[in-house]
Amino acid sequence: MEGQNKKYISSEELKEHNKSGDLWISIQGKVYNVSDWAKDHPGGEVPLLNLAGQDVTDAFIAYHPGSAWKYLDPFFTGYHLRDFKVSEVSKDYRKLVSEFAKVGLFEKKEHVTLYTLSSVAVMFSIVVYGVIGCNSVWAHLGAALLLGLLWMQSTYVGHDSGHYEVMSSPGYNKLAQILCGNCMTGISIAWWKWTHNAHHISCNSLDYDPDLQHIPVFAVSTRFFNSIKSCFYGRKLVFDSLSRFLISYQHWTFYPVLCFARVNLYLQTLLLLFSRRKVPDRAFNIMGILVFWIWFPLLISSLPNWGERVMFVLASFAVCSIQHLQFCLNHFAADVYEGPPNGNDWFEKQTGGTLDISCSTWMDWFFGGLQFQLEHHLFPRLPRAQLRKISPLVIDLCKKHNLPYRSLTFVEANLWTLKTLRTAALQARNLSNPSSQNLLWEAFNTHG
């Protein structure tokens, strides 16, 4: 009798509720109206909009602990999905999540955060002493290199705390985010959450994933040459003559540009924090950024001359570019697609759009767990200390369902990425492409 009294809608009817103000989703076949609540969603409105009008069970399970289920009831519409189905891949994926929860893997953070925070504090002390307490230019260079490494390790803590609580309470967790992100690196944790959540949900979608949208400097696919619209930024990514010129040499400029990638992140942080967009904890984020822009310039000004100051900044940026490179290696050479993410192929999209970097156990600290990129994308709430342990299970599941599991050495990943960039670069040089030329382009490619 209970089943006969249920109200049903089809997947096609659910798809009609796929925009801001009219946003419905399905979880385990039950339909929820989250239109009014979307803007208050802790992960932001963007992930919900990207999956609006779909069954989002796998994404919900990936991002929420079991305690989150009880909060769904107020949003239940009374409808169930008539054609609700679960693929064999999803069944196995959900079984893995359940098994991890039963043995408490999501709570076993070990002492990674404590060790990392302690190392950041020690490194910061050494950096300050190397600049203020030493007169040698080599000591100043060493301090700059160490600062770059410090930024990398601090970013890992900020990343971890954004996915799960690394501290004993939500308040301390937020404090860790502001300290490690805003205060120490100068990059807003609010900006990071905004872009990073969208990246995870729409992994390697050319028009939905902001981590692939680097026009006019980089293009990982020739489909960008059609000036596709970024659904994340809400504007067209115009492929013009400047883009053509820059992308034509992107396999040569890739590493040099990464050395200055932080400048763009600083700019993006400021644009978001001082925009009209709703920013969670805006005041705390701005205060954290101010802390960075006080201590960092003061530290640089303590150096004896402008030559050493420029050297210090460039050296610290160069070391930290390794982390920016790592983010690119994980996705640039993987599969891409156009359009919104599909909630029914969560596992498949993550495997297709992700590459792992193989390394020895003793190097896990250096990569911050993100060398297990696929494992992290499938189980974003899983502490990084557990990623190596569950990797064999992910490999087995990929083999079972004939899905790619690509784990490359650091050198191989660089070669794959450069090959991807070179392929797009050579296509951009094709003068038959309808994009207009400019004098700079002609000087390099027509008149020699």
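A quick note: this is a predicted structure, and the numbers were derived from the prediction, not measured.
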*Given ring pair (Phe, Tyr, Trp, His ring centres under 6.0 Å), test W24 with Y32 step by step and report yes or no.*
CA-CA 6 Å; W24 290 19; Y32 301 92; over 10 Å; no
_Using the rule given for side-chain contact (heavy atoms from CB on, under 4.5 Å), can you reason through H324 versus R262, listing the C-alpha separation, both sets of side-chain angles and the distance that settles it, and then say yes or no?_
CA-CA 9 Å; H324 303 309; R262 298 193 70 77; 3.2 Å; yes
*Given the rule in the side-chain contact (heavy atoms from CB on, under 4.5 Å) test, do L149 and I322 qualify, once you have shown the distances and angles that lead to the verdict?*
CA-CA 9 Å; L149 182 60; I322 298 173; over 6 Å; no
*asked:* Set out, in order, the CA-CA distance, both residues' side-chain angles and the distance that settles side-chain contact (heavy atoms from CB on, under 4.5 Å) for L421 and F332, then state yes or no.
replied: CA-CA 8 Å; L421 294 174; F332 272 25; 4.2 Å; yes
*Check against side-chain contact (heavy atoms from CB on, under 4.5 Å), F232 and N50*: CA-CA 9 Å; F232 179 80; N50 286 353; 5.9 Å; no
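Between the side chain of T354 and the backbone N or O of T351 there is no donor-acceptor pair closer than 3.5 Å. Of the possible polar contacts, one joining the T409 side chain to the E412 backbone as a donor-acceptor pair under 3.5 Å is found. Under the 3.5 Å distance criterion, the side-chain polar atoms of D364 are left unmatched by any main-chain donor or acceptor of G369. Checked by atom type and distance alone, the side chain of S358 never pairs as donor or acceptor with a backbone atom of S407 at under 3.5 Å. Within the 3.5 Å criterion, the main-chain N or O of L387 finds no donor-acceptor partner in the side chain of S391. In this structure a side-chain-to-backbone donor-acceptor pair under 3.5 Å is missing from S154 to L150. Between the side chain of S161 and the main chain of G158, a donor-acceptor pair closer than 3.5 Å is present. The backbone N or O of R277 lies less than 3.5 Å from a partner atom in the side chain of S275, making a donor-acceptor pair. The backbone N or O of V157 sits nowhere less than 3.5 Å from a side-chain atom of D160 that would complete a donor-acceptor pair. Listed for the D83 side chain is a donor-acceptor partner under 3.5 Å among the backbone atoms of S11.
Within the cation-pi definition used here (under 6.0 Å to the ring centroid, within 45° of the axis), R429 qualifies as a partner of Y249. Taking the ring axis of F76 as reference, the NZ or CZ atom of K30 stays within 45° of it and closer than 6.0 Å to the ring centre. By the 6.0 Å and 45° rule, R381 does not stack over the aromatic ring of Y164.
Looking at every heavy atom in both residues, K174 comes nearest to D281 through NZ-OD2, 3.2 Å. Here the shortest heavy-atom pairing between P210 and Y233 reads CB-OH, 4.0 Å. Scanning both residues, A413 and L329, for their nearest heavy atoms gives O-CD2, 3.6 Å. Here the shortest heavy-atom pairing between A424 and Q250 reads CB-NE2, 3.5 Å. Closest heavy-atom contact between L273 and N285: CD2-CB, 3.7 Å. Among all heavy-atom pairs drawn from L81 and S26, the shortest one is CD2-OG, 3.8 Å.
Y208 contributes atom OH, which lies 11.0 Å from atom CD1 of I228 (distance to the nearest 0.5 angstrom). Note that CD of Q177 and OG of S188 are 10.0 Å apart. Values are rounded to the nearest 0.5 Å. Distance check, rounded to the nearest 0.5 Å: CE of M167 to CG of L114 gives 8.5 Å. One finds the CD1 atom of I201 at 5.0 Å from the OH atom of Y63 (value rounded to the nearest 0.5 Å). Atoms CD and SG, from Q323 and C328 in turn, are 11.0 Å apart once rounded to the nearest 0.5 Å. Here K85 contributes atom NZ and S87 contributes atom OG; the two are 11.5 Å apart, rounded to the nearest 0.5 Å.
Here the side chains of H200 and H163 are in contact, with some heavy-atom distance below 4.5 Å. Side-chain contact between E107 and L105 is absent, with no heavy-atom pair separated by less than 4.5 Å. Counting only heavy atoms from C-beta outward, the side chains of Q326 and L370 approach each other to under 4.5 Å. A 4.5 Å side-chain heavy-atom check between V34 and H41 finds every atom pair outside the cut-off. You'll find the side chain of R422 reaches within 4.5 Å of the side chain of L426, heavy atoms only. For the pair W365/Q153, a side-chain contact is recorded, criterion being any heavy-atom separation below 4.5 Å from C-beta on.
Taking the six-membered ring for Trp, W69 and H64 have ring centres at least 6.0 Å apart. The aromatic ring centres of F254 and F218 sit less than 6.0 Å apart. Between W416 and H251, the ring centre distance reaches or exceeds 6.0 Å. With ring centers used as reference points, H376 lies 6.0 Å or more from F372. Annotation: Y266 is in aromatic contact with W293 [ring centroid separation under 6.0 Å]. Aromatic rings of F100 and F379 (six-membered ring for Trp) have centroids within the 6.0 Å cut-off, being under it.
Salt-bridge check for D356 with R406: failed, with every basic side-chain N at 4.0 Å or more from each acidic carboxylate O. At a threshold of 4.0 Å, the pair E99-K102 does not count as salt-bridged, since none of the basic side-chain nitrogens sits closer than that to a carboxylate oxygen. The pair D92-K95 does not count as a salt bridge, with every side-chain nitrogen at least 4.0 angstrom from each carboxylate oxygen. With respect to the salt-bridge test (charged N to carboxylate O, under 4.0 angstrom), the residues R388 and E110 do not qualify.
Side-chain contact annotation: D58 with S90, donor-acceptor N/O pair under 3.5 Å present. A donor-acceptor pair shorter than 3.5 Å cannot be found between the side chains of E165 and N173. Defined by atom type and a distance below 3.5 Å, a donor-acceptor pair is missing between the side-chain atoms of T417 and N414. Residues E375 and Y405 bring a donor and an acceptor atom of their side chains to less than 3.5 Å of each other. Between the side chains of H377 and Q373, at least one donor-acceptor pair of N or O atoms lies under 3.5 Å. In summary, the side chains of T222 and Q427 do not present any donor paired with an acceptor at a separation below 3.5 Å, with no hydrogens or angles considered. In summary, the side chains of Q213 and S230 do present a donor paired with an acceptor at a separation below 3.5 Å, with no hydrogens or angles considered. D211 and H331 form no side-chain donor-acceptor contact under 3.5 Å, judged by distance and modelled atom types alone.
Between F292 and W151, the two ring planes are tilted [angle within 30° to 60°].
No more than 12 heavy atoms of other residues, nucleotides or ligands shown are found within 6.0 angstrom of OH on Y79. Heavy-atom neighbours of M363 CE from other residues, nucleotides or ligands within 6.0 Å: above the threshold of 12. Dense packing is recorded around OH of Y255, with more than 12 heavy atoms of other residues, nucleotides or ligands lying under 6.0 Å away. More than 12 heavy atoms of other shown residues, nucleotides or ligands fall within 6.0 angstrom of atom CZ in F296. Within a 6.0 Å sphere centred on CZ of R94, other residues, nucleotides and ligands contribute more than 12 heavy atoms.
When each of I289, T269, T155 is paired with T185, the side-chain contact (heavy atoms from CB on, under 4.5 Å) condition holds for T155 and for no other.
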